[in-house]
Amino acid sequence: MEFVQLTTIQKDVLREIGNIGAGNAATSLSALLNKKIEMNVPSVSIAGFDEIMELTGGSENTIVCLLFRIQGEAPGTVYLIFTIEEAEYFVSELTNDPDFSLFHSEQENEMALSALQEIGNIVTGSYLTALSDFTSINMKPSVPYLGIDMAGAVLTVGLLELSQISDYAIVINTEISHDGTNKDIQGNFFLLPDPESFAKIFSALGIYDYE
């Protein structure tokens, strides 16, 4: 199945599901970080693979990428992407180290990888749980793969493999705001259902038409 644009109803439904997932993720992150975290989904759209690269800041921009394979009745793939600064903020909050850098010692990076994987599990798990609740389709994230490199290097291999079965991703823009700083986090959440999963998900939601 190939299409280039979601209908307004499909976007609204996915945005509402995304907001519910974001709310659940915010509650879990607030408990994990011991501070108030708010998340919302301002928009949902469809993007081609070239656009995904641009949304991450371009192929030469260094990013932190968490990749999950969706397991269950509607398989697919999820990319959760943060900038280096956003990832360092999460790790510094979890470790109470305001000077934390992802490029310090190997020992610190092992701790950082575990912290980032836990955050990825919370955010991705919350979205998939919300989607599963709405559709009654079982979907669970795999163990995350985490990569820190230029976007072109991190994304190309995965997207090339996925391009054999799909050409587009659902882009769920996620805004994260938190106490103690005026900096907001703009996480990129890319949901790439396998082709057969698109039809299964929208059929379960009672939405069949494409623009």
Side-chain angles (χ1 to χ4, degrees), residues 1-32 37-49 51-52 55 65-82 116-146 158-159 161-176 187-211:
M1 178 178 292
E2 180 175 322
F3 60 94
V4 296
Q5 191 170 4
L6 295 174
T7 67
T8 300
I9 293 176
Q10 287 171 332
K11 289 179 182 177
D12 288 345
V13 170
L14 287 173
R15 185 165 49 245
E16 179 60 21
I17 293 171
N19 273 321
I20 292 171
N24 294 339
T27 299
S28 298
L29 283 177
S30 295
L32 186 67
I37 299 289
E38 294 182 349
M39 296 177 64
N40 66 81
V41 176
S43 65
V44 172
S45 60
I46 284 284
F49 288 172
E51 294 171 275
I52 290 176
L55 287 170
C65 175
L66 287 146
L67 183 151
F68 298 82
R69 186 64 185 161
I70 302 172
Q71 301 171 330
E73 301 171 55
T77 303
V78 166
Y79 284 95
L80 179 61
I81 294 172
F82 296 112
L116 289 170
Q117 287 173 331
E118 180 59 21
I119 288 170
N121 281 328
I122 289 173
V123 174
T124 303
S126 296
Y127 278 122
L128 293 184
T129 296
L131 191 55
S132 291
D133 288 345
F134 267 82
T135 59
S136 297
I137 296 174
N138 180 37
M139 286 179 278
K140 293 182 178 179
S142 68
V143 173
Y145 165 79
L146 191 151
L159 292 181
E161 184 175 344
L162 290 170
S163 68
Q164 300 176 31
I165 55 175
S166 179
D167 294 324
Y168 299 95
I170 298 172
V171 180
I172 301 174
N173 292 322
T174 303
E175 290 182 351
I176 304 172
N188 287 304
F189 189 91
F190 301 122
L191 173 63
L192 294 83
D194 290 356
E196 66 275 17
S197 299
F198 266 117
K200 189 176 294 184
I201 290 169
F202 285 122
S203 176
L205 292 169
I207 303 169
Y208 303 97
D209 296 330
Y210 300 96
E211 287 180 345

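Model, not experiment: these values are computed from the prediction. Because only heavy atoms are used, hydrogens play no part in the values below, and waters and symmetry mates are left out as well, while side chains stay in.
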Return the minimal non-hydrogen interatomic distance between [X] and [Y], and the atom names on each side.
X	Y	value
Phe190	Ala169	CB-CB, 4.5 Å
Gln71	Pro141	OE1-O, 4.2 Å
Ala74	Ile70	O-CG2, 3.7 Å

Treating [X] as the side-chain partner and [Y] as the backbone partner, does any N or O pair qualify as donor plus acceptor under 3.5 Å?
X	Y	answer
Ser132	Met139	yes
Glu73	Asn138	yes
Arg69	Gly76	yes

Check your understanding: Does some side-chain heavy atom of Pro193 sit less than 4.5 Å from a side-chain heavy atom of Ile170?
Key -> yes
Review point. Does a side-chain heavy-atom distance below 4.5 Å link Lys11 with Ser43?
Key: no
How long is the span from the [atom1] atom in [X] to the [atom2] atom in [Y], to the nearest 0.5 Å?
X	Y	atom1	atom2	answer
Leu14	Ser45	CG	OG	10.5 Å
Ile122	Tyr127	CD1	OH	13.0 Å
Thr135	Phe202	OG1	CZ	11.0 Å
Leu80	Cys65	CG	SG	8.0 Å
Phe134	Ile201	CZ	CD1	13.5 Å

Table please: side-chain donor-acceptor pairs of residues 16-25 below 3.5 Å, with sequence neighbours left out.
unit_1: Asn19; atom_1: OD1; unit_2: Val41; atom_2: N; d: 2.7
unit_1: Asn19; atom_1: ND2; unit_2: Arg15; atom_2: O; d: 3.4
unit_1: Asn24; atom_1: ND2; unit_2: Ile20; atom_2: O; d: 3.4

**Study point:** CA sep, side-chain torsions, deciding dist, call: Leu32, Ile119, side-chain contact (heavy atoms from CB on, under 4.5 Å)
**Key:** CA-CA 9 Å; Leu32 186 67; Ile119 288 170; 4.3 Å; yes
Practice item. Sort out for me which residue in Val143, Leu128, Val78 forms a side-chain contact (heavy atoms from CB on, under 4.5 Å) with Phe68. Key: Val78
Practice item. Determine the sole option in Asp194, Ile137, Leu205 for which the side-chain contact (heavy atoms from CB on, under 4.5 Å) test with Lys200 is passed. Key: Ile137
**Study point:** side-chain contact (heavy atoms from CB on, under 4.5 Å) assessment of Leu29 paired with Val123
**Key:** CA-CA 8 Å; Leu29 283 177; Val123 174; 4.1 Å; yes
Practice item. Could you please spell out the steps behind the side-chain contact (heavy atoms from CB on, under 4.5 Å) verdict for Leu66 and Thr124? Key: CA-CA 10 Å; Leu66 287 146; Thr124 303; over 6 Å; no
Exercise for review: Please lay out, stage by stage, how Leu131 and Leu191 fare under the test side-chain contact (heavy atoms from CB on, under 4.5 Å).
Suggested key: CA-CA 11 Å; Leu131 191 55; Leu191 173 63; 4.3 Å; yes
